[in-house]
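What follows is a single structure, written as structure tokens, with notes after it.
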Protein chains: 2
Amino acid sequence: MAVKEVPSYRRLYEKLRKLMEDGTYKRGDLLPSENELCAAHHLTRPTVRKALDMLVNDGFILRHQGLGSIVQGQPKGIGILSLSGTTSAIGQDILTTRIIVKPNIISWEQAFGFEINENEKSMGCIYMERLRLINDRPVFYDITMIPNLNLPRFTSRTFENRSLFEILRKHYQLEVKGGEQKIQAITADERIQKHFEVRKNHPILRIDRKMETNRMGFSFFSQIYCNTSDYSLIGRF
Amino acid sequence: MAVKEVPSYRRLYEKLRKLMEDGTYKRGDLLPSENELCAAHHLTRPTVRKALDMLVNDGFILRHQGLGSIVQGQPKGIGILSLSGTTSAIGQDILTTRIIVKPNIISWEQAFGFEINENEKSMGCIYMERLRLINDRPVFYDITMIPNLNLPRFTSRTFENRSLFEILRKHYQLEVKGGEQKIQAITADERIQKHFEVRKNHPILRIDRKMETNRMGFSFFSQIYCNTSDYSLIGRF
DNA sequence: CTACCTTACTTGTATATACAAGTACAAATA
DNA sequence: TATTTGTACTTGTATATACAAGTAAGGTAG
């Protein structure tokens with residue numbers, strides 16, 4: 001299979017993003033001006049601006065006419081939900097993943113309230129459950145359902161340390177571009193009580209998500225339960 | 001004060017957006033092609049593409065090379081949170097607002113965990129509490145805190161039926177461009193129990209938000225409590 | 001009838017260019 | 001000294017153009 005060439009505006013986006021994530025550019029810093037970026041990367045202004053526009057959309061920078069591109073702190077998360085501790089900041093904390101139900105193929109029963117089409121229904125569904133822990137305390141419990149359309153060897157892959165998004169992107173050229181979500185506060189039922197080791201009536205955040213990808217008509221679904229008593233979900237909008 | 005001219009890509013964006021919102025273009029329809037839009041509005045492709053890019057970012061359309069721009073259903077909400085009933089769809093339902101604490105000027109005590117700078121602190125804070133009801137049942141309870149920087153006559157305005165965002169935009173040229181948020185599931189304390197008429201231990205969604213505006217360095221803060229037992233928060237990401 | 005190819009149309013990427021408008025700072029002015 | 005002006009630099013808007021690449025549909029050869 002031919003490797004799709006990465007467009008140059010995307011390369012610049014990734015480059016600048018990495019520099020901000022690794023702390024080379026800190027919050028409040030100014031990025032090099034558009035003209036400087038043009039010269040440094042042998043690109044023209046529209047191309048550079050496209051990369052910067054993407055960084056604005058993702059919340060990495062703010063731009064001001066006459067001033068420049070101002071580096072922001074936390075970016076807005078696409079897909080991956082960021083966490084912030086009520087006391088400590090995450091980062092030093094140890095994040096682990098425990099597979100509750102290994103990926104296996106079942107038939108579609110539901111998709112958390114989202115519609116699925118006939119094609120997806122006939123192909124079956126890859127089902128998995130994971131528990132994510134911070135410092136050995138469970139914080140996320142999620143159920144993921146993926147239509148079984150041409151994803152060879154998927155069920156035998158390991159999902160321990162690598163993110164699902166990364167595997168889909170690297171091995172199947174599937175990128176999550178956005179989606180739909182429903183958010184609710186609920187009280188823990190028996191199953192959730194067991195997973196999170198909490199008492200009855202403990203408040204839990206529940207998010208149902210439909211993830212849309214770059215492959216036309218290919219979506220997958222996930223239901224996330226989150227114990228927010230020690231960590232809040234944070235993000236930009 | 002001179003009225004700022006609206007750029008043409010934004011005019012086109014608003015126009016297309018309106019056509020989708022009022023149902024002229026329905027879910028699954030194709031928008032006119034870029035070249036057709038160019039001809040119809042006397043613009044060039046880069047300008048038209050900018051408007052379409054914005055519609056993609058807001059979740060109104062998906063685009064596919066070789067095919068066209070496909071109209072989507074619900075858009076993603078900036079600032080205003082959309083609701084979806086578990087049984088009925090919202091729309092026929094009656095939405096009302098009840099002012100619990102009228103806008104008044106107090107001193108800053110907190111900003112829901114977000115930082116405020118010295119300038120904002122010295123100017124005082126406009127404080128208000130509102131309750132929003134659907135079919136006479138309370139669903140949202142929110143506290144808003146706005147730095148009192150040059151907002152003449154703000155405390156005497158009415159917030160009954162008009163949205164805060166609309167008033168800020170129309171009268172003070174303040175547009176919310178994005179922000180930061182923290183989401184948690186909590187159980188109702190006494191005050192919330194009273195407002196929502198729910199029992200002890202009822203799960204409530206709590207969102208703390210910092211809203212950033214087009215005026216540099218001007219942000220305001222809001223804390224939203226939401227009873228999600230009948231309505232989920234929905235949105236695109 | 002089926003499989004392949006061509007063609008016309010679509011969006012994607014990229015360059016080159018021009019002027020408008022906002023910001024910061026230094027120089028000139030009152 | 002305090003204020004205004006000018007200037008250089010920044011991002012914002014817009015046009016014109018070219019070619020690449022994906023999609024759908026119709027024609028053609030087998």
Side-chain angles (χ1 to χ4, degrees), chain A residues 1-16 25 28-57 60-72 173-175 177 213-218, chain B residues 1-16 25 28-57 60-72 173-175 177 213-218:
Chain A
M1 190 187 299
V3 180
K4 202 162 76 177
E5 180 145 7
V6 179
S8 46
Y9 70 86
R10 207 170 192 323
R11 276 204 302 273
L12 178 56
Y13 163 84
E14 299 283 1
K15 199 164 190 170
L16 293 173
Y25 295 121
D29 288 356
L30 289 180
L31 289 189
S33 78
E34 296 178 357
N35 285 324
E36 285 170 336
L37 290 172
C38 291
H41 297 86
H42 306 287
L43 298 168
T44 55
R45 250 189 91 206
T47 308
V48 168
R49 280 180 66 79
K50 176 132 190 175
L52 294 174
D53 283 343
M54 290 174 69
L55 292 171
V56 171
N57 278 329
F60 282 99
I61 60 172
L62 285 181
R63 303 166 83 195
H64 275 283
Q65 198 171 2
L67 213 173
S69 301
I70 306 151
V71 177
Q72 294 293 291
Q173 286 76 47
L174 274 176
E175 240 178 303
K177 290 207 144 185
T213 69
N214 56 343
R215 193 185 303 180
M216 207 177 157
F218 185 88
Chain B
M1 191 187 297
V3 179
K4 203 161 76 176
E5 179 144 9
V6 179
S8 47
Y9 70 87
R10 206 168 194 322
R11 276 205 302 273
L12 178 56
Y13 163 84
E14 300 284 0
K15 198 164 189 170
L16 293 172
Y25 295 121
D29 288 354
L30 290 179
L31 289 189
S33 77
E34 297 178 356
N35 285 325
E36 286 170 336
L37 289 172
C38 291
H41 298 85
H42 305 289
L43 299 167
T44 55
R45 250 190 91 207
T47 308
V48 168
R49 280 180 67 79
K50 177 133 190 175
L52 294 174
D53 283 343
M54 289 173 70
L55 292 171
V56 171
N57 278 330
F60 282 98
I61 61 172
L62 285 181
R63 303 166 82 196
H64 275 282
Q65 198 170 1
L67 213 173
S69 301
I70 307 149
V71 176
Q72 294 293 292
Q173 285 78 48
L174 276 174
E175 240 177 305
K177 289 206 143 186
T213 68
N214 56 342
R215 193 186 303 180
M216 210 179 157
F218 186 88

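Letters go in sequence order (proteins before strands), and every chain restarts at 1.
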> Are any of the side-chain heavy atoms of B:R63 and B:D53 separated by less than 4.5 Å?
Replying inline: yes
Detail all sub-3.5 Å separations between protein N/O atoms and N/O atoms belonging to nucleotides 5-7 of chain C.
none

>> I'd like to check A:T47 versus A:L12 (side-chain heavy atoms, cut-off strictly below 4.5 Å). Are they in contact?
In response: no
>> I need the minimum non-hydrogen distance between A:P32 and A:L37, along with the two atoms involved.
In response: O-CD1, 3.7 Å
>> Can you list everything that forms a side chain to side chain donor-acceptor pair (under 3.5 Å) with A:R11? Sequence neighbours excluded, please.
In response: none
> Starting at CG of B:L37 and ending at C1' of C:dT10, how long is that distance when rounded to a whole Å?
Replying inline: 12 Å
Using a cut-off of under 3.5 Å, enumerate the N/O to N/O pairs linking the protein to nucleotides 11-18 of chain C.
unit_1, atom_1, unit_2, atom_2, d
C:dT11, OP2, B:E34, N, 2.9
C:dG12, OP2, B:R49, NH1, 2.9
C:dG12, OP2, B:R49, NH2, 3.1
C:dG12, OP2, B:R63, NH1, 3.3
C:dG12, OP2, B:R63, NH2, 3.4
C:dG12, O4', B:Q65, NE2, 3.4
C:dG12, N7, B:R45, NH2, 2.8
C:dG12, O6, B:R45, NH1, 2.9
C:dT13, OP1, A:Y9, OH, 2.8
C:dT13, OP2, A:Y9, OH, 2.8
C:dA14, OP1, A:S8, N, 2.9
C:dA14, OP1, A:S8, OG, 2.8
C:dA14, OP2, A:S8, N, 3.3
C:dA14, OP2, A:S8, OG, 3.2
C:dA14, O5', A:S8, OG, 3.4
C:dT15, OP2, A:T44, N, 3.4
C:dT15, OP2, A:T44, OG1, 3.3
C:dT15, OP2, A:T47, OG1, 2.9

> Do the side chains of B:L31 and B:L52 get nearer than 4.5 Å, heavy atoms only?
Replying inline: yes
> Does the side chain of A:Y13 come within less than 4.5 Å of A:P7's, by heavy atoms?
Replying inline: no
> Are any non-hydrogen side-chain atoms of A:I70 and A:L30 less than 4.5 angstrom apart?
Replying inline: yes
> Looking at side-chain heavy atoms only, is the closest gap between B:F60 and B:S69 below 4.5 Å?
Replying inline: no
> Between B:I70 (CD1) and D:dG22 (C1'), how many Å, whole number?
Replying inline: 12 Å
